[in-house]
Amino acid sequence: MKKNKTYTVDQLNKIAREERTLDEMIEICSLIDIFGCHEPMEAPPKEQEDEWRRMRGEYEPEPTLENTSFYVTEPDGTRYFYCGNTRIKVTEYFAEKGKTVSELVEDVVRYAARNGTTAKTSPIC
C-alpha cells in the first residue's frame, strides 16, 4: 500500500474488510485524516439551524400575526377574528374587491373640501 495515495471511504472500507495484520490495519488507519472530521468551530447560519430543527420535528416558528391569526365565520353568519387566545367579533371590514384605505381617505378629503368642513386637530398630534 502506497503511503501518499489518497483513498476513498469505500476503498478504505474494502481494504479494512480484507484479512490484515495489525501493522497493516494501523497503516490503513494512518491514512484517515482525523483533522478533517472535526466539529465546526463556528455556529452554522440561523437558517441552517432552523432547517435542522424542522427535520427533527422540533421547529416551532416565531409567533407572528400571519401564523397565529385566522378568521372564522359561524353558521349564523357572525365572523370572528382569532389571534392566539383572543377572539374579536368582526362587525365591519373592508370588502375583498372594495376601495383601498388610501382611496377612502381621498374620498373623505374631497367630501370635506366640498362641504367646507375643517378638521379639528388635537394638540397631541
Residues which pass side-chain hydrogen bond (donor to acceptor under 3.5 Å, both in side chains) with Arg17, listed by chain and number, not counting sequence neighbours: none
To the nearest 0.5 Å, what is the distance between CD on Glu24 and CD on Glu18? 9.5 Å
Residue set satisfying salt bridge (charged side-chain N to carboxylate O under 4.0 Å, His left out) with Glu103, at least two apart, ordered chain then number -> none
Remaining members of Met55's ILVMFWY cluster at a side-chain heavy-atom cut-off under 4.5 Å? Trp52
What residues, two or more places apart in sequence or in another chain, satisfy side-chain hydrogen bond (donor to acceptor under 3.5 Å, both in side chains) together with Ser102? Thr100
Check which hydrophobic residues are tied to Leu22 through side-chain heavy-atom contacts below 4.5 Å, counting indirect links as well, and list them. Ile26
Run the side-chain hydrogen bond (donor to acceptor under 3.5 Å, both in side chains) test against Lys46 and tell me which residues pass, sequence neighbours left out. Asp50
Sequence neighbours excluded, which residues qualify as side-chain hydrogen bond (donor to acceptor under 3.5 Å, both in side chains) partners of Glu49? none
side-chain contact (heavy atoms from CB on, under 4.5 Å) partners for Arg110, two or more places apart: Glu106, Asp107, Arg114
Any side-chain donor-acceptor pair under 3.5 Å between Asp76 and Thr78? yes
The side-chain contact (heavy atoms from CB on, under 4.5 Å) partners of Glu19 (sequence neighbours excluded) come to none
Mind checking side-chain contact (heavy atoms from CB on, under 4.5 Å) for Val72 and listing every partner two or more places apart, or none if nothing turns up? Phe70, Glu74, Tyr82
Using side-chain contact (heavy atoms from CB on, under 4.5 Å) as the criterion, list what pairs up with Pro75, not counting sequence neighbours. none
Sequence-distant partners of Tyr71, ring pair (Phe, Tyr, Trp, His ring centres under 6.0 Å), two or more places apart: Phe81
